**Student:** 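The structure that follows is given in the form of structure tokens.
This structure is a prediction, so every number in the text was calculated from the model and none was measured.
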Amino acid sequence: FGFGKTKFESGNIGTSNFFKYKGLQFKFSNLEKGLVINNLYYDSFFNKGSSLYEISNMKSFIYGDNYHSNIYGYDTTNFKISSVKSIDIKSDFDSCYYVSQKKAENTKSNTLGGFIKVDNSTLVNSDIYFNPSLKGVGSHCYKSYQSIDTDYESYNLPIGGVCYVNNSNMYINEIKSLDGNGSIALDGGFIYKNINDSKIISFKGITIENYNSYHNGGAISLNRTKSISNSYSLLDFDSIHLNNCKAINGYGGGIYMNTTKANFNKIDITNCTAKKGGGGIALISEGDKGNSIILNKGNVIFKGNIAHSGSQIYVVGSKLLINNINMDGTEYLSQLKSNSDLFKGNNGGAIYAESSELRLKSCTFTNFGAYNNGGVIYYDSNYDSNQNYLLDIDGCDFDNKGNNFVTKSGGAIYMINNGDNNKSETINISNSSIHHYNSKIGGGIFLYNKADRDIILHINNSNIYNNTVKGNMMNNIDTDT
């Protein structure tokens, strides 16, 4: 079925009050050969309670070369798609917003997807190719058509500010910029994706900026909601930039995940913020030890990210492998010094790792600190691993020269042994340098053993020097066993 070359305009086009725009809706279902929609023009529509499109039960849906301007959905998404095996969206969307109602006016469940909802839970395999041009697309809380509210708790925010996706492979390629202009969602500022099965998520050549989430994932939130053994989302991120995204009360200013096997190649995460942890990335596993993040090569950049703990990365119950990455904490440190209320009791200036396996190779960390423990790395070793080392640092430089901030314990590295198994734990530091850190205990490194087992520290061909404790030199390593 084909549909195209038509122009739709609201009867009130030209007025600045979008509440006066008319609504418009199309429904297509059970088309055996699929649906193709091309060359449509939409201007100035306001849908209340019903989506612009409802597409269901067909082999394919192609939406190409269409143009949309000033399209608003009042507590409803624009595209509601279900049980469609192949989806391909390549169109222009300019100033298309989800408008949140106040909770007092809308007691229903949160809308899934501020702009597009895809639910292919009835299908075994399905693919989404989402490559539109988006300018000013997201979700806002309007007091009136002219005034945006920031009292987010009072509003029924969408889950996924732009996209909500369930049970599909997803491919987003070569979109130069996705700008949310301060868009706000409950979870997943740009996208919220359910990953209850092994699916592929491929983002290549895109910029996502100025999206916010009230809870987790300022830009991207990837969630497994059912416990399925050995089920992981396979992430392939290449040449993407996340900038100025916020998890206002949660984790993962740039990206939040609770299960994944992720390979990041050429990714920049800059100026992202999370109140709790992981200004750049947060991976908080629900107990499956197969989860992993690989950050590889020097063209991965973390800079200017801020969080209470683990300003760049926050990981729990997973494997984190970082190779040849530079992390600069200058902007984080400035915020740390000027906003003690936010950072009170924080751990891990750059990386917070708990019940995880952490391997760092050829990395540089500059200008980090923490009010509590671990100026650069906070490591809780409660993790059962078959590896030789739970914390393996090789060829890394921890450089704090010129920074006089004093961390409570472990100027650079703090490790606490909380595990209840009998296996001794080994830390390896090879071919590395740790210098010019300041702490009240353990100028460079502090090891705290709370368990009835040994911590074994191997230091090989490394320089740990000019670290101070309460202003006194030559106190580089401390232990409490």
Side-chain angles (χ1 to χ4, degrees), residues 292-298 300 312-313 315 318-327 329 348-368 373-401 407 409-419 421-439 441-451 453-469 473-481:
S292 65
I293 298 178
I294 299 174
L295 295 166
N296 195 32
K297 300 181 182 178
V300 176
Q312 311 306 307
I313 300 175
V315 60
S318 303
K319 297 179 181 179
L320 176 61
L321 290 77
I322 305 179
N323 180 36
N324 195 25
I325 305 298
N326 300 325
M327 293 191 183
I351 298 172
Y352 178 102
E354 179 182 328
S355 303
S356 297
E357 181 182 321
L358 178 58
R359 295 168 61 191
L360 309 175
K361 184 175 178 59
S362 302
C363 296
T364 299
F365 300 91
T366 306
N367 292 325
F368 285 99
N373 302 316
V376 179
I377 297 171
Y378 175 94
Y379 185 78
D380 184 333
S381 67
N382 185 12
Y383 186 68
D384 185 11
S385 172
N386 294 322
Q387 301 295 318
N388 291 328
Y389 308 113
L390 286 175
L391 176 56
D392 188 0
I393 299 172
D394 184 12
C396 296
D397 181 29
F398 296 78
D399 181 3
N400 204 42
K401 191 173 183 179
T407 297
S409 302
I413 299 170
Y414 176 95
M415 176 178 175
I416 182 169
N417 186 352
N418 267 323
N421 61 59
N422 294 320
K423 183 179 178 182
S424 63
E425 297 194 355
T426 302
I427 304 172
N428 179 59
I429 300 176
S430 300
N431 308 307
S432 298
S433 59
I434 301 172
H435 52 98
H436 294 97
Y437 284 88
N438 311 289
S439 172
I441 306 173
I445 302 171
F446 183 75
L447 307 181
Y448 183 21
N449 190 2
K450 292 181 66 177
R453 55 181 175 154
D454 295 331
I455 297 178
I456 302 171
L457 174 62
H458 285 177
I459 299 178
N460 178 47
N461 193 33
S462 296
N463 294 315
I464 303 175
Y465 63 96
N466 286 350
N467 300 293
T468 68
V469 170
M473 298 295 292
M474 302 306 293
N475 194 317
N476 296 303
I477 302 173
D478 259 325
T479 64
D480 184 348
T481 58

**Student:** Atom CG of L360 and atom CD1 of I393: how far apart are they, to the nearest 0.5 Å?
**Tutor:**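 The CD1 atom of I393 is 5.5 Å from CG of L360, to the nearest 0.5 Å.
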**Student:** Quick check against the 3.5 Å criterion: does Y379 have a side-chain atom that pairs as donor or acceptor with the backbone of S356?
**Tutor:** yes
**Student:** Is the closest side-chain heavy-atom distance between I322 and M327 below 4.5 Å?
**Tutor:**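 Yes, close enough: below the 4.5 Å cut-off.
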**Student:** Measure the OH-NE2 distance between Y465 and H436 for me, rounded to the nearest 0.5 Å.
**Tutor:** 6.0 Å
**Student:** Determine the minimum heavy-atom distance between S409 and N373, stating which atoms define it.
**Tutor:** CB-OD1, 3.2 Å
**Student:** What is the distance from atom CG of D392 to atom CG of L358, rounded to the nearest 0.5 Å?
**Tutor:**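 CG of L358 is found 9.0 Å from CG of D392.
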**Student:** Counting C-beta onward and ignoring hydrogens, is there a side-chain heavy-atom pair between D397 and H435 closer than 4.5 Å?
**Tutor:**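 D397 vs H435: side chains touch.
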**Student:** Over 60° means perpendicular and under 30° means parallel, so classify the ring planes of F365 and F398, tilted if in between.
**Tutor:** parallel
**Student:** I'd like to check the ring-ring contact (aromatic ring centres under 6.0 Å, His included) partners of Y414; sequence neighbours left out, ordered by chain and number.
**Tutor:**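 Once residues adjacent in sequence are excluded, the partners of Y414 under the ring-ring contact (aromatic ring centres under 6.0 Å, His included) criterion are Y378, F446.
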**Student:** How many angstroms lie between OG in S430 and CG in N460, if you round to the nearest 0.5 Å?
**Tutor:** 4.5 Å
**Student:** Restricting to non-hydrogen atoms, name the atom on S362 and the atom on N323 that form the minimum distance, rounded to 0.1 Å.
**Tutor:**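 What the structure gives for the nearest pair is CB-OD1, 4.4 Å.
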**Student:** What closest approach, in Å, do S462 and I459 show between heavy atoms, and which atom pair accounts for it?
**Tutor:** CB-CG2, 3.9 Å
**Student:** Look up atom CD1 in I427 and atom CG in L447, then write down how far apart they are to the nearest 0.5 Å.
**Tutor:** 4.5 Å
**Student:** If you round to the nearest 0.5 Å, how far is CD1 of I429 from CD1 of I434?
**Tutor:** 4.5 Å
**Student:** Do L321 and K319 come within less than 4.5 Å of each other through their side chains, counting heavy atoms only?
**Tutor:** yes
**Student:** Using salt bridge (charged side-chain N to carboxylate O under 4.0 Å, His left out) as the criterion, list what pairs up with D399, not counting sequence neighbours.
**Tutor:**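 Partners of D399 under the salt bridge (charged side-chain N to carboxylate O under 4.0 Å, His left out) test: none.
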**Student:** Could you report the tightest heavy-atom contact between G411 and S439, atom names first, then the distance?
**Tutor:** N-CB, 3.6 Å
**Student:** What are the two closest non-hydrogen atoms of N367 and N400, and how far apart are they?
**Tutor:**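 Closest approach of N367 to N400: CA-OD1, 3.7 Å.
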**Student:** Can you confirm whether L391 sits close enough to N428 that some side-chain heavy atom of one is under 4.5 Å from a side-chain heavy atom of the other?
**Tutor:** no
**Student:** Check G443 against Y437 and note the closest heavy-atom contact, atom names and distance.
**Tutor:**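 Answer, listing the atom of G443 first, then Y437: O-CB, 3.3 Å.
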